Amino acid sequence: MHLYLTVRIVTTEKFNKHQGFDLVNFDHQFLFYDVYTYKILKSETYGVFKEKISRTFNVPSEQVRFWILVNRQNKTIRPDTPIPESYINTSMEKVHANMITRQSEMKLYMEVADKPINGERWFPSINNYIIVFLKYFDPDTQTLEGLGHLYVQESDKVGDYTSVFCKRKNLPQDTPLKIYEEIKPNMIEEMNPEFTFNRSDIQNGDIICFQKALNMKKHIKSIRIFEIPKFYELLSTFTVRVVTAEKFEKYQGFDLANFENELLSDVHLYKILMNTTYGVFKEHVSKYFDIPPEQVRFWIFANRQNGTVRPDIPIPESYFNTSMKEIYARLISQDDEMKLYMELADKKINDKSLISSIKENINVLIFLKYFDPDTQTLEGLGHLYVRKFDKSSNCIHILCKKKNFPLDTPLKLYEEVKPNMIDEIDLKFTFQKLELQNGDIICFQKVLTEKEIQEHTEAGRIHSIPQFYELLSLRSVFSFKSKLNDYPKFSLILNKKLSSDQVAEAVALHLNVDPLKIQFPKAYSSTRPKVYYEILDGSIMEPEKSENTEKEKFFKIIWLGSTIKNEEIIDIRLHKDAIVSEIIKEIFKKVTLSSSDAKIRLYEVKNHKILKEYKETELIGRIEEFMTLYAEEILQDELLANSNDQIIRVYHFTKDPIQTHGIPFKFVIKNGETLNDIKLRLQFRLCMSKSEFSRVKIAIVSEITYEKPEYLEDDDIILSERKLSNTDYLGLDYVDETENAEKIIYIRG
């Protein structure tokens, strides 16, 4: 039984900025997520909830009233009824049960009163008034502007409020207006000023949109939209799927990602307005990933004739102010959605552009995959620009460098042409002779000795890329459904050649039950994508119903102890709407801490660097699948750090700052401390002997200029006197790598 309730709150501030239908967009897949989301205890009273939210927004609670938003039959979501003050001591669970049907969460509009009415009460009676919401369309900026809410009486004429509308927008009182009702996405109707609100069928939560009445003859040659109904046509949405290097890195399959099956979570999914410009889209996605937009470029995927889907052309920066709808029309054909690859630049090229220029007939963008026969997995290694006239052998050292191999490691290269065609690359040929083009994929592995091949064969492991791709072609997505609908429905990726018993084992593992209890009512067949199952003895487990199981999220978190060898895997399962503090509570139950008031941090690591530290209030539903998550107790020197101390991120590398390894950590540079003292604390933190630590060189590494680490040699320097930015790392460079490989792999902070 879940103890928490999700509450999503719409404020006037969010409504005023919203560019779309309704007051806001509640779809979490939408590019512009317009609500405040809270997790509250179901037992919490409405009065306590109201007090907390009012305090968050610095508003006296008596000036706040919450309206319940309901899903109407016409697919709109509008405020309908205010929560009565008589519910002040009622639990939010009961408020939800009494006032909301067929919704697992609460959606509320937060009404804030400016001043009391007649010096007595803050809000008008809903028996005498209707609450409507106002939007203004500006043809000059081609935008909507929310103007808050307004109380009207049913018997009043629509035209009687034109002066009120003008006042809201600071227009002259006699400005002629055109007034429309936003009924539903495909129905925007002009309102008759002579009709009353009652005759116009206006009810609580309805939206009135108005604009200046224009002389259309003056604008007949303009490409702008000057009428509200035409503008609303652009507010329809379409889907954009974005593949990132991080998603590609973990992907086990053909192409860069699987766009067909949502189970695989290989892409980031966005819904955007048709009139969203490329610049706005790029800005919002960059902000989501915390990346400067100038370091981002999007490539459009093309469906090739051989059945593959590959990045083909980049969206030009000249399209910055072009709508996504127009880009879609110009650059995409035979597809009902936009598929993009997000290219991320690490550093400037020749101190100029952050993104490589695409010189026609010279540069080609290719993608890299590494096959590891030991782990039987593929690893996406991002993209690489090559020159058409270079030999394919020229990139061998780059591939070795990406995998931290000695540069003379012999490799075998293959081109992933299509699922049933994996061709070995002749290293004597140029990329042009190999007919490689933008979006092509090179997969490589080490050249194995006969002894290594024999060891893999005897262990039942695949040892070559063509064999592995043949195995991939046998994998398929199977959907499983309980025959009586009393257990979860789910999907698994399985080998089509598995026996019925092997499939039963996979299903049992997923459901955490005894495989002998799994039975298929119909004989299992690999040709059927949907398989029904039964659990013979339901008492062996207490599963949640399918609706709840689908809303759960699973995490494997690496708990870091006080020494380099104290690492523990913690499995956690929580509702998708839980927040990070609930993960931390679960960790508290499973680990031993230095004190009862100790604090825990949860952070995300990519390429052996700290990518993000999670706040306790963040929703776990936004944590990407397959992310490497670490948790650790925050040390006292960090908790006691003052404003003169600096907290810096530390990571490990060998010779080249991009040859990273080990587990990163945060470290306090204390005010006035010498480098010699810092070294002693680092040595203690790493649990290294003096001789081991003597092989570690310390450097300041900028996130912007990785290739130029600044090594710190003078033990007497005061590092706190340096003006370090939040893009600077403390890099630990490990020399004599070959003698200490095993130790370095496990180093942590």
Side-chain angles (χ1 to χ4, degrees), residues 404 560-567 594-595 598-599 601 603 605 607-610 613 630 632-749:
N404 292 332
L560 303 176
S562 58
T563 69
I564 61 174
K565 294 182 180 178
N566 290 347
E567 295 182 17
S594 61
S595 66
K599 294 185 180 298
R601 75 155 51 92
Y603 62 98
V605 169
N607 295 331
H608 304 285
K609 293 182 191 170
I610 296 176
E613 182 174 339
Y630 288 85
E632 65 174 2
E633 181 178 344
I634 302 176
L635 300 182
Q636 283 296 307
D637 59 355
E638 184 175 334
L639 293 173
L640 300 175
N642 60 42
S643 59
N644 296 318
D645 297 331
Q646 298 180 60
I647 298 174
I648 194 169
R649 292 171 294 173
V650 183
Y651 81 106
H652 316 271
F653 68 93
T654 302
K655 296 181 182 178
D656 189 328
I658 67 171
Q659 291 188 1
T660 58
H661 57 79
I663 300 171
F665 59 95
K666 287 191 172 183
F667 186 76
V668 178
I669 296 176
K670 296 182 179 180
N671 185 42
E673 192 176 37
T674 64
L675 179 61
N676 187 58
D677 291 335
I678 288 174
K679 284 181 176 180
L680 290 173
R681 287 198 298 117
L682 277 172
Q683 179 187 334
F684 178 79
R685 183 84 184 267
L686 297 170
C687 296
M688 298 176 73
S689 67
K690 189 173 182 179
S691 61
E692 287 173 335
F693 191 73
S694 66
R695 292 191 287 268
V696 178
K697 292 165 42 177
I698 302 175
I700 301 296
V701 185
S702 170
E703 201 172 38
I704 301 171
T705 56
Y706 282 121
E707 74 278 7
K708 296 179 181 178
E710 179 189 345
Y711 287 92
L712 305 176
E713 307 289 351
D714 185 357
D715 282 351
D716 295 324
I717 64 169
I718 308 297
L719 198 54
S720 61
E721 294 178 354
R722 294 282 305 273
K723 291 185 178 180
L724 300 174
S725 73
N726 58 7
T727 62
D728 288 330
Y729 289 89
L730 203 61
L732 305 182
D733 183 1
Y734 292 76
V735 297
D736 198 12
E737 164 79 282
T738 55
E739 294 181 13
N740 298 280
E742 287 299 315
K743 290 180 182 176
I744 290 174
I745 289 173
Y746 294 100
I747 284 177
R748 63 166 297 271

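None of these values were measured; they are calculated from a predicted model. FYI, side chains are in, hydrogens and waters are out, and symmetry mates aren't considered; it's all heavy atoms of this structure. Nothing fancy with the numbering, it's 1 onward along the sequence.
Looking at Tyr630, its side chain never comes within 3.5 Å of a backbone N or O of Pro664 through a donor-acceptor pair. With hydrogens and angles disregarded, a donor-acceptor distance shorter than 3.5 Å links the side chain of Arg681 to the backbone of Val668. Gln646 contributes a side-chain N or O that, together with a main-chain N or O of Ser720, makes up a donor-acceptor pair within less than 3.5 Å.
Rounded to the nearest 0.5 angstrom, Phe665 CZ and Tyr603 OH are separated by 9.0 Å. Here the OH atom belonging to Tyr734 is positioned 5.0 Å from the CE atom belonging to Met688, to the nearest 0.5 angstrom. For the atom pair CG (Leu682) and CD1 (Ile669), the distance works out to 8.5 Å, reported to the nearest 0.5 Å. Separating the NZ atom in Lys599 from the CG atom in Leu639 is a distance of 7.0 Å, to the nearest 0.5 Å. Annotation: the span from Ile678 atom CD1 to Leu719 atom CG amounts to 4.5 Å, rounded to 0.5 Å. Taken from CG in Leu675 to CG in Leu712, the straight-line distance is 5.5 Å, to the nearest 0.5 Å.
Of all heavy-atom pairs spanning Pro709 and Val701, the tightest one is CB-CG2, 4.0 Å. When all heavy atoms of Tyr651 and Pro657 are compared, the closest pair comes out as OH-O, 3.0 Å.
No salt bridge links Glu632 with Lys666; every basic N to acidic carboxylate O contact stays at or beyond 4.0 Å. Ion pairing between a basic and an acidic side chain is recognised when a charged N comes within 4.0 Å of a carboxylate O; Lys679 and Asp715 show such pairing.
The closest side-chain heavy-atom distance from Phe667 to Leu635 is not below 4.5 Å. Between Thr654 and His661, some side-chain heavy-atom pair lies under the 4.5 Å cut-off. Thr674 is listed as a side-chain neighbour of Ile718, based on a closest heavy-atom distance under 4.5 Å. Contact check for Val650 versus Ile610: no side-chain heavy atoms found under the 4.5 Å cut-off. Leu560 has its side chain within reach of Ile663: a pair of non-hydrogen atoms, C-beta onward, lies under 4.5 Å apart. Contact check for Leu730 versus Ile698: side-chain heavy atoms found under the 4.5 Å cut-off.
Checked against side-chain hydrogen bond (donor to acceptor under 3.5 Å, both in side chains), Ser694 has no partners two or more places apart in sequence or in another chain. For Lys697, there are no salt bridge (Lys or Arg N to Asp or Glu O under 4.0 Å) partners, not counting sequence neighbours. By the side-chain contact (heavy atoms from CB on, under 4.5 Å) test, Asn642 is found to be paired with Asn644, Asp645, residues two or more places apart in sequence or in another chain being considered.
Remark: Lys609 is positioned above the aromatic ring of Tyr729, its terminal NZ or CZ atom under 6.0 angstrom from the ring centre and at most 45 degrees off the axis.
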For the pair Glu613 and Arg649, evaluate side chain to side chain contact (heavy atoms under 4.5 Å, CB included) and give the outcome as yes or no after the intermediate values.
CA-CA 11 Å; Glu613 182 174 339; Arg649 292 171 294 173; over 6 Å; no
Please lay out, stage by stage, how Phe653 and His608 fare under the test ring-ring contact (aromatic ring centres under 6.0 Å, His included).
CA-CA 9 Å; Phe653 68 93; His608 304 285; over 10 Å; no
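Between the side chains of Thr660 and His652, no donor-acceptor pair is found at a separation under 3.5 Å.
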